Amino acid sequence: LALRQFVSDASHELRTPLTVIRGYSEILQKDNIDQSQRDRAASRIETESLRMEKLVKDLLTLTRADSIGQLNFKPIDLKIIIEDYFKDLTEKNSSRSIVFTGQRTAVVNCDEDSMRQLFSNISQNILRHTPSDAKVEVKISQNESNTEIIIDDSGPGIPAALRSQVFERFSRLDESRSRDTGGFGLGMSIIKSVVDKHKGQIFLEDSAFNGLRIRLIFPN
């Protein structure tokens, strides 16, 4: 039943961009359209194609994450990975403040590709769901057994009653969020899958800036 529901959800997600691509492809075949209509059709086809490409990539990532045997565990400094993706936010939003606090290194026994996918998804969610000038603070702390990563933002946050839903595949918290940003899709479910495969924990809480706090705990 779960597999059937997943296939149904995936098919629904793919159907929307396919419908858009087909519609604009038909427009491009008409003789009586002007250049502005042609440009818009080409732009929309490209946008929806990229959206489909991301969805397929996310589906493959989930498939990979579901197979623990394919993961390559080795000591990795998570601080370097985190900085790679969160510094990207300032490149895209120059008015955004990114603050790193805590330890300078955080070596964890993990699969590097999976961790890069995890922090890429978290940073992309911040980019999509918070204002361009929203503050972000990343705090890393480590003891003998665990590494804790706290990511606070000053965005709109997620109501406490809805936080468990974002980890469901193709989750939609509300229709406006879905229309404006595409919802959470597979991003948060990929994050949860990576955390689970590393025997870690993830918590969504209130941030120090009245937005969302993501708290991750991984065994060293």
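It should be emphasised that the depicted structure is a prediction, and the values quoted were computed from it without experimental measurement.
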Check whether any side-chain N or O of [X] sits under 3.5 Å from a backbone N or O of [Y] as a donor-acceptor pair, and report yes or no.
X	Y	result
Q142	Q103	no
S123	S120	yes
Q37	D34	yes
D111	F73	no

Where is the tightest heavy-atom contact between [X] and [Y], given as atom of each residue plus distance?
X	Y	value
S95	S132	OG-O, 3.5 Å
I122	F86	CG2-CZ, 3.8 Å
H198	N109	CD2-O, 4.3 Å
R213	D206	CB-O, 3.7 Å
I27	I33	O-CD1, 3.5 Å
I158	R163	O-NE, 2.8 Å

How about [X] and [Y]: do any of their side-chain heavy atoms sit closer than 4.5 Å?
X	Y	answer
F218	M115	yes
F119	L216	yes
I149	I82	yes
T130	V136	no
Q124	Y85	no
V20	T47	no
L212	H129	no
N125	I191	yes

Hey, quick one: are [X] and [Y] part of the same hydrophobic cluster, counting side-chain heavy atoms closer than 4.5 Å, chains of contacts allowed?
X	Y	result
L28	Y24	yes
L118	I98	yes
V166	L162	yes
V138	F209	no
I217	I150	no

Fill in: Residues R104 and D77 bridged, charged N to O under 4.0 Å
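So R104 does not pair with D77 through a salt bridge.
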
Electrostatic pair D84:R116 at N-O distance under 4.0 angstrom: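 Yes.
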
Just how far is it from atom [atom1] of [X] to atom [atom2] of [Y], taken to the nearest 0.5 Å?
X	Y	atom1	atom2	result
L127	R96	CG	CZ	6.0 Å
S193	K197	OG	NZ	6.0 Å
E137	F100	CD	CZ	10.5 Å
E112	I76	CD	CD1	4.5 Å
E46	E53	CD	CD	10.5 Å
K135	S97	NZ	OG	5.5 Å

Under 3.5 Å, is there a donor-acceptor pair linking the side chains of Q35 and D39?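 Judged by distance alone, the side chains do pair up.
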
Quick one: do the D153 and S207 side chains pair a donor with an acceptor below 3.5 Å?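 No donor-acceptor contact under 3.5 Å links the two side chains.
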
| said: Can you tell me which residue among N146, N143, T147 is in a side chain to side chain donor-acceptor pair (under 3.5 Å) with N220? | reply: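 Per the side chain to side chain donor-acceptor pair (under 3.5 Å) rule, the option paired with N220 is T147, out of N146, N143, T147.
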
